[in-house]
Amino acid sequence: MSAMFVSYQLSLEEKFFNMIENKWFWMVFALVLLVGIFAYAFYCTSRGYSFNGNVKLNWPKVWQMGIGCKAS
């Protein structure tokens, strides 16, 4: 029974290997992005500015998206 389960597990890992690797890539990408945003917010507040994290999704005005420091 356990040999059958191991064989099935190995076949699933082989079949979905690329999907598993891509999942980890996107998790690391999201983590780096979040750390970057928090670091930039810390930088803004440590310099005496306020962090302006506005995200406006007014299609087709995509240029209104952004983050930045705003003078207090």
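Quick caveat: nothing in here was measured; it's all calculated off a predicted structure.
Transitive grouping of hydrophobic side chains (ILVMFWY, heavy atoms separated by less than 4.5 Å) brings Tyr43 and Ile37 into a common cluster. Residue Phe25 is not grouped with residue Val35 when hydrophobic side chains (ILVMFWY) are merged at heavy-atom distances under 4.5 angstrom, including chains of intermediate members.
Cluster note: Val28 groups with Val32 through ILVMFWY side-chain heavy atoms spaced under 4.5 Å, whether in direct contact or through intervening members.
Partners of Phe29 under the ring pair (Phe, Tyr, Trp, His ring centres under 6.0 Å) rule, at least two apart in sequence or in another chain, are Trp26. Scanning for side chain to side chain contact (heavy atoms under 4.5 Å, CB included) contacts around Leu10 gives Val6, Glu13, with sequence neighbours left out.
Using modelled atom types, one side-chain atom of Ser46 and one backbone atom of Phe42 make a donor-acceptor pair closer than 3.5 Å.
Remark: Leu31 CG to Trp24 CH2 distance equals 11.0 Å, nearest 0.5 Å.
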